[in-house]
Amino acid sequence: MEMIEIHIESDIVRARQAARSLAESLGFSILSKTRVATAVSELARNTFTYGGGGSMKLEKISDRTRVGVHCIFVDKGPGIEDIVKAMTPGYTTGKGLGFGLSGSKRLMDDFKIESEVGNGTRIEVIKWK
């Protein structure tokens, strides 16, 4: 398990590189490595930009038949008032295109989001090989 703090812009790059490296070490295809790196980059950017910083826990997981990349992003930011709306492609409260959360969900195999206004957000994603 690796914990990456996300408090400055360069931490987003570190998170992306670490996740891509883990996917590579597990033998993921180039397409799957790119999907992992892209989703992690988006979620780390959201953690930094909207959550005011936080952390990403990165680890290899396995079940009886496969291995995967597991990431958990946590921040103590303002939280997401309406998760359904936030997950709608094109919806944004900032200056982005509004595809970060919904795009990350499409790129990964498992996606869970929990948020409480005033207490922050937790997003958990898995990409299986």
Is there a side-chain contact between Val117 and Ile80 (heavy atoms, below 4.5 Å)?
no
Are Ile126 and Asp109 packed together at the side-chain level, in the sense that at least one heavy-atom pair is separated by less than 4.5 angstrom?
no
Main chain of Ala37, side chain of Ser41: is a donor-acceptor contact present, judged purely on distance under 3.5 Å?
no
Is it true that Ile113 and Val125 fall in one hydrophobic cluster, defined by side-chain heavy atoms closer than 4.5 Å?
yes
So, do Lys112 and Glu114 sit near enough that their side-chain heavy atoms are less than 4.5 Å apart?
no
Kindly work out whether a path of hydrophobic side-chain contacts (I/L/V/M/F/W/Y, heavy atoms less than 4.5 Å apart) joins Val67 to Val69.
yes
State the CD-CD distance between Glu2 and Glu59, to the nearest 0.5 angstrom.
11.0 Å
Joint hydrophobic cluster, Leu107 plus Leu26, side-chain heavy atoms closer than 4.5 Å:
no
Output yes when Arg122 and Glu124 qualify as a salt bridge under the 4.0 Å nitrogen-oxygen rule, no when they do not.
yes
Rounded at 0.5 Å granularity, tell me how far OG in Ser115 sits from CG in Asp75.
7.0 Å
Do Leu101 and Ile123 have side chains that approach each other closer than 4.5 Å (heavy atoms only, starting at C-beta)?
yes
So do Phe48 and Glu9 actually touch side chain to side chain, heavy atoms under 4.5 Å?
yes
To the nearest 0.5 Å, what is the distance between OG1 on Thr121 and CD1 on Ile83?
7.0 Å
Please report the interatomic distance CD(Glu5) to OG(Ser55), rounded to the nearest 0.5 Å.
5.0 Å
When you compare the side chain of Val40 with that of Phe73, does any pair of heavy atoms fall below 4.5 Å?
yes
Any side-chain heavy-atom pair of Met1 and Lys57 under 4.5 Å
yes
About how many Å separate OG1 of Thr47 and CD1 of Ile6, when rounded to the nearest 0.5 Å?
4.5 Å
Quick check: is Met108 connected to Ile12 through a chain of hydrophobic side chains (ILVMFWY, heavy atoms under 4.5 Å apart)?
yes
Qualifying side chain to side chain donor-acceptor pair (under 3.5 Å) pairs with a residue from residues 13-26, counting only residues at least two apart or across chains
Asp11-Arg14
Any non-hydrogen side-chain atom of Phe111 less than 4.5 Å from a side-chain atom of Ser104?
yes
Just by distance, no angles: are the side chains of Trp128 and Asp110 close enough, under 3.5 Å, to form a donor-acceptor pair?
yes
Got a sec, which residues hit side-chain contact (heavy atoms from CB on, under 4.5 Å) with Ser32, two or more places apart in sequence or on another chain?
Phe28, Ser29, Lys127
Rounded to the nearest 0.5 Å, what separation is found between the OG atom of Ser102 and the CD atom of Glu42?
9.0 Å
